[in-house]
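Below is one structure, written out as structure tokens, with a few remarks after it.
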Amino acid sequence: MSELSNRQMIVRTVFQIVTVKVLLKICFATDVIPANFVFGDSLVDAGNNNYIASLSKANFVPNGIDFGGPTGRFTNGRTIVDIIGQELGLPGFTPPYLAPTARGPVVLQGINYASGGGGILNHTGNIFGGRINFDAQLDNFENTRQDIISTIGVSATLELLQSSLFSVTMGSNDFINNYFTPIVSAEEQKLVPPQVFVASMIARFKLQLTRLYTSSARKIIVVNVGPIGCIPYERDLNPTAGTSCASRPNQLAQLFNTELRSLTKELTTSFKGSIFVYADVYRIVDDMIQNYRAYGTNAVSTAEALHAAISPVASVA
């Protein structure tokens, strides 16, 4: 089996698992999801970074080979939000906010605000120059919301947004390209304990998710941080781990995820009419790594083999 077919099979499997779980939890109470609004980092960026001055770009091959060429997605083909949009029956793919095509009636079916290198904290991703962090993505959504109000009125906008699907895929860059950035973050790691850093992420994330709710979002998927210590970049930075994943990044990811799970439960309880779904990507990707043969992969003991297996769902930049 070729490397490409391995990757495609694994990604399809993950997409199917996540999509089924999400749709069962989100869509059981309604027949139609009218729009798909996407927030996140490179895992779900559909091309916003093509329009900004940034070192975090995917406008080159082999990215986009399933589309016949680069699209700005940090993967060979569709992202998970592309798949979910199709499963919901939405026409085409949710367009990136900065694209010229993301204007007019198309916004009524959703917009993708995600940006490679983006994070929960506003100083995350500084090393890339341009990137759109979560606060700025929320600002962009407010612009879209006002455009929708101007088009269909306040009452119809409220109905549309409360019936729509919102997803947030954030947090990996706050570790990889902030707290764990080589050399640059050395002093921060000495001064700021991991628990304090994670607490600052959760506190900021709570404010941001609350803002999303107050902007009329009700059905919100919140994706946790995957096993970032297993991506090739982190394994190369931690050669003493040998053929295993780097333990410290994974420990912080799990610490964050534990707090995030509690936060989603808290927000669902606190905010009337809301559903905050905790999507456990960490567990899914970890299972792929631990049971790689079941997914059609021959090995994950080298950075190259691991990259072929999980980079479409676990890499960030």
Test side-chain contact (heavy atoms from CB on, under 4.5 Å) on Val285 and Ile289 and set out the steps.
-> CA-CA 6 Å; Val285 177; Ile289 295 169; 4.2 Å; yes
Other residues, nucleotides, ligands: >12 heavy atoms within 6.0 Å of Glu159 CD | no
Please check if any side-chain donor atom of Asn178 sits under 3.5 Å from a side-chain acceptor atom of Asp174, or the reverse.
-> no
Ion pair check, Arg131 and Asp41, cut-off under 4.0 Å | no
Would a 4.5 Å heavy-atom cut-off, applied to side chains only, mark Ile84 and Ser167 as touching?
-> no
Between Thr71 and Arg73: side-chain donor-acceptor atoms closer than 3.5 Å | yes
Students should find that the hydrophobic cluster of Leu158, defined by side-chain heavy atoms under 4.5 Å apart, otherwise consists of none
Do Thr79 and Asp82 have a side chain donor and acceptor closer than 3.5 Å?
-> yes
Sorted by chain and residue number, the salt bridge (Lys or Arg N to Asp or Glu O under 4.0 Å) partners of Arg261 (sequence neighbours excluded) come out as Asp280
Looking only at heavy atoms, what is the nearest atom pair of Asn48 and Tyr97, with distance?
-> OD1-N, 3.0 Å
Who pairs with Asp286 by side-chain contact (heavy atoms from CB on, under 4.5 Å), at least two apart in sequence or on another chain?
-> Tyr282, Gln290
Asn36 side chain near Gln86 side chain, heavy-atom distance below 4.5 Å | no
Any side-chain hydrogen bond (donor to acceptor under 3.5 Å, both in side chains) pairs touching residues 104-114, not counting sequence neighbours?
-> Tyr113-Thr144
May I ask you to test the Leu43-Ile80 pair for a side-chain heavy-atom distance under 4.5 Å?
-> no
Under the side-chain contact (heavy atoms from CB on, under 4.5 Å) criterion, do Glu187 and Lys190 qualify, and how do the steps go?
-> CA-CA 5 Å; Glu187 194 63 27; Lys190 292 178 182 178; 4.2 Å; yes
Less than 4.5 Å apart, any side-chain heavy atom of Ser200 and any of Leu121?
-> yes
Are Ser215 and Arg145 linked by a side-chain donor-acceptor pair shorter than 3.5 Å?
-> no
Salt bridge (Lys or Arg N to Asp or Glu O under 4.0 Å) filter on Lys206, not counting sequence neighbours, yields Glu266
Gap between atom CG of Leu263 and atom CG of Asn257 - 0.5 Å precision | 12.0 Å
Given side chains that start at C-beta, do those of Leu55 and Ile127 come closer than 4.5 Å, heavy atoms only?
-> no
Do Ile120 and Phe256 come within less than 4.5 Å of each other through their side chains, counting heavy atoms only?
-> yes
Same apolar cluster: Tyr213 and Ile149, side chain cutoff 4.5 Å | no
Heavy-atom check, side chain of Asn49 versus side chain of Phe128, under 4.5 Å | no
Apart from Phe93 itself, residues in the same hydrophobic cluster as defined by side-chain heavy atoms under 4.5 Å = Phe67
Are Ser115 and Asp45 linked by a side-chain donor-acceptor pair shorter than 3.5 Å?
-> no
